[in-house]
Amino acid sequence: MNTADDPAPHILAKTLEEAGFESLWYGEHSHIPVSRLTPYPPGGEMPDPYKNMMDPYVSLMAAASATTRLKLGTGIALLMERELFSQTKTIATLDRLSNGRMIIGCGVGWNKEEFENTTSLPFGRRYLGLKETVLAQRALLTDAEPEFHGKLINFDPVWFDPKATRPGGPPVIFGAMGPLGIKHAAEWADGWMPVDVAMQDIEQDIKAFRQNVQGNGRNPDSVEITLVVMAPVTADLLKSYRDMGVDRCNIGVGMENWGKPEIVMPMIEKFSKIIPQL
């Protein structure tokens, strides 16, 4: 959860790289409204670490400075809850300083009050808002004099440099589970990031998603699938996901252990032994 009590990003990243992991992912909540009008999606009380999350981009820069190969992911970033130009500048800077190792996992967010504290975009049109945010960001990171004219985001030509290390910027992976989110992911995202335990039939859901991508005139092989693994992790489970067409599995300590930083390093050692089997 990237709190001040967790292992420091530069230490965690170095440990992960040396253990053979591909990437490190940090999520984002700039704040949590005290009102708690929006219920916590899994039900019950919201875990306290949500209130204590550090900035993902600053933490990932610290991670980048301690590594050379480890990819750096936001999982997930709330792209609409930051000012577009400033955020895109941060992403371009981190991508360049890490030599192109950044991945942007993003979502529309679940807390209505948090969303409305940070943006004038309409919460009821947040899927369109995220699509336009990503498309505008791609324009800024690609075009010599970018401009964007959408239904919710609009600006005339600007000078915006430096660009990222690749046209369009780092790959953008959409964390979405519902029909509307999956439709958007298949239409414009560079990847899809579902959660395994929330899927009815993972193999069929992946096949349906790839067909949806193809239906949008895109090559399904060009759209990565990153699966957030909440089920108990075993080599056989990860092999089965690989064989279903999953490109990457993100594993963590589990929600019940978010407030137990002492288990992170032993967990890394334990699961690093699975990597050679994959």
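Only this structure's heavy atoms are used, side chains among them; waters, hydrogens and symmetry mates stay out. Predicted model only: the values in this text are computed from it and were never measured.
- When all heavy atoms are compared, the tightest approach of Trp192 to Ala185 is CD1-CB, 4.0 Å.
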Run Met199 and Leu227 through side chain to side chain contact (heavy atoms under 4.5 Å, CB included) and show every step you take.
CA-CA 11 Å; Met199 302 170 78; Leu227 187 63; 3.8 Å; yes
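- At distances below 3.5 Å, not a single donor-acceptor pair connects side-chain atoms of Thr67 with backbone N or O atoms of Leu70.
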Would you check, one step at a time, whether the test ring pair (Phe, Tyr, Trp, His ring centres under 6.0 Å) holds for Tyr50 with Tyr40?
CA-CA 11 Å; Tyr50 272 106; Tyr40 181 52; 5.5 Å; yes
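- For the atom pair Thr90 OG1 and Glu83 CD, the distance stands at 9.5 Å (nearest 0.5 Å).
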Stepwise side chain to side chain donor-acceptor pair (under 3.5 Å) test for Arg101 and Ser23:
CA-CA 9 Å; Arg101 289 186 279 148; Ser23 49; over 6 Å; no
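- Rounding to the nearest 0.5 Å places NZ of Lys183 at 12.5 Å from CZ of Phe209.
- Between Arg82 and Asp55 there is a salt bridge, since at least one side-chain N of the basic residue sits less than 4.0 Å from a carboxylate O of the acidic one.
- Scored by the side chain to side chain contact (heavy atoms under 4.5 Å, CB included) test, Thr118 finds Ser30, His31, Glu81 as partners (sequence neighbours excluded).
- No option in His149, Glu147, Glu132 other than His149 meets the side-chain hydrogen bond (donor to acceptor under 3.5 Å, both in side chains) test with Asn154.
- Cluster membership check: Ile32 does not share its hydrophobic cluster with Leu37, using side-chain heavy-atom separations under 4.5 Å among Ile, Leu, Val, Met, Phe, Trp and Tyr.
- In this structure, Glu113 contributes its side chain and Thr38 its backbone to a donor-acceptor pair below 3.5 Å.
- Judged by distance alone, the side chain of Arg126 and the main-chain N or O of Phe123 form a donor-acceptor pair under 3.5 Å.
- Contact check for Lys71 versus Met102: no side-chain heavy atoms found under the 4.5 Å cut-off.
- Residues Asn250 and Thr226 meet the side-chain proximity criterion, which asks for heavy atoms closer than 4.5 Å.
- Residue Met54 is not grouped with residue Tyr57 when hydrophobic side chains (ILVMFWY) are merged at heavy-atom distances under 4.5 angstrom, including chains of intermediate members.
- At least one donor-acceptor pair under 3.5 Å links the side chain of Asp6 to the backbone N or O of Thr3.
- How far CG of Leu78 is from OG1 of Thr133: 11.5 Å, rounded to the nearest 0.5 Å.
- By the criterion of side-chain heavy atoms lying less than 4.5 angstrom apart, applied directly or through intervening Ile, Leu, Val, Met, Phe, Trp or Tyr residues, Val58 is not grouped with Leu97; the two fall into different hydrophobic clusters.
- Salt-bridge check for Glu22 with Arg69: failed, with every basic side-chain N at 4.0 Å or more from each acidic carboxylate O.
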Give the C-alpha distance, both sets of side-chain angles, the deciding distance and a yes or no for side chain to side chain contact (heavy atoms under 4.5 Å, CB included) between Trp258 and Val253.
CA-CA 7 Å; Trp258 279 353; Val253 298; 3.8 Å; yes
Verdict with reasoning, Lys151 to Arg125, per side chain to side chain contact (heavy atoms under 4.5 Å, CB included):
CA-CA 10 Å; Lys151 295 179 179 178; Arg125 304 187 76 186; 4.1 Å; yes
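- Taking both residues in full, the closest heavy atoms of Pro9 and Ala62 are given as CB-CB, 4.1 Å, listed atom of the first, atom of the second, then distance.
- Taking hydrophobic clusters as Ile, Leu, Val, Met, Phe, Trp and Tyr residues chained together by side-chain heavy-atom distances below 4.5 Å, Val197 shares a cluster with Trp110.
- Leu152 places a side-chain heavy atom less than 4.5 Å from the side chain of Pro122.
- A donor-acceptor pair is defined here as one N or O able to donate and one able to accept, closer than 3.5 Å; no such pair exists between the side chain of Asp95 and the backbone of Ala164.
- Other residues, nucleotides and ligands place more than 12 heavy atoms under 6.0 Å from the NZ atom of Lys89.
- Under a cut-off of 6.0 angstrom, the local environment of CD in Glu256 is crowded, with over 12 non-hydrogen atoms contributed by other residues, nucleotides or ligands.
- Side-chain contact between Thr74 and Glu28 is absent, with no heavy atoms from C-beta onward closer than 4.5 Å.
- Across all their heavy atoms, Pro49 and Met53 have their closest contact at O-CG, 3.3 Å.
- Side-chain atoms of Leu12 and Tyr26, non-hydrogen and from C-beta on, do get closer than 4.5 Å to each other.
- Put simply, the side chain of Arg218 gets close to the backbone of Ala186: a donor and an acceptor are under 3.5 Å apart.
- Taking the ring centroids of Phe85 and Phe155, they lie under the 6.0 Å cut-off.
- Both Leu278 and Leu24 belong to a common hydrophobic cluster when Ile, Leu, Val, Met, Phe, Trp and Tyr are linked at side-chain heavy-atom distances under 4.5 angstrom.
- The heavy-atom pair separating Val195 from Met177 by the smallest distance is N-SD, 3.3 Å.
- Atom CD of Glu116 is surrounded by more than 12 heavy atoms from other residues, nucleotides or ligands within 6.0 Å.
- Listed here is the closest heavy atom pair of Ile153 and Leu121: CG1-CD2, 4.4 Å.
- Residues satisfying the side chain to side chain contact (heavy atoms under 4.5 Å, CB included) test with Pro146, not counting sequence neighbours, are Ala139, Leu140, Asp143, Val158, Phe160, Lys163.
- The structure places CG of Leu238 at 5.5 Å from CD1 of Ile274, a figure rounded to the nearest 0.5 Å.
- Distance CE/Met80 to CG/Leu128: 9.5 Å, rounded to 0.5 Å.
- Residues Glu187 and Phe174 form no side-chain contact, since every pair of their non-hydrogen atoms from C-beta on lies 4.5 Å or further apart.
- Taking the side chain as every heavy atom from C-beta outward, Val233 and Met267 never approach each other to under 4.5 Å.
- A salt bridge links Asp190 and Arg138; the closest N-O separation between the charged side-chain nitrogens and carboxylate oxygens is under 4.0 Å.
- Annotation: side chain of Pro33 is in contact with side chain of Asn111 (closest heavy-atom distance under 4.5 Å).
- When all heavy atoms of Trp159 and Ala144 are compared, the closest pair comes out as CD1-O, 4.1 Å.
- Rounded to the nearest 0.5 Å, atoms CD (Glu224) and CD1 (Ile103) are 6.5 Å apart.
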Under the side chain to side chain contact (heavy atoms under 4.5 Å, CB included) rule, what do Tyr241 and Glu203 come out as? Steps first, then yes or no, please.
CA-CA 8 Å; Tyr241 289 161; Glu203 187 169 14; over 6 Å; no
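- Around the CD atom of Glu262, the shell of radius 6.0 Å holds more than 12 heavy atoms that belong to other residues, nucleotides or ligands.
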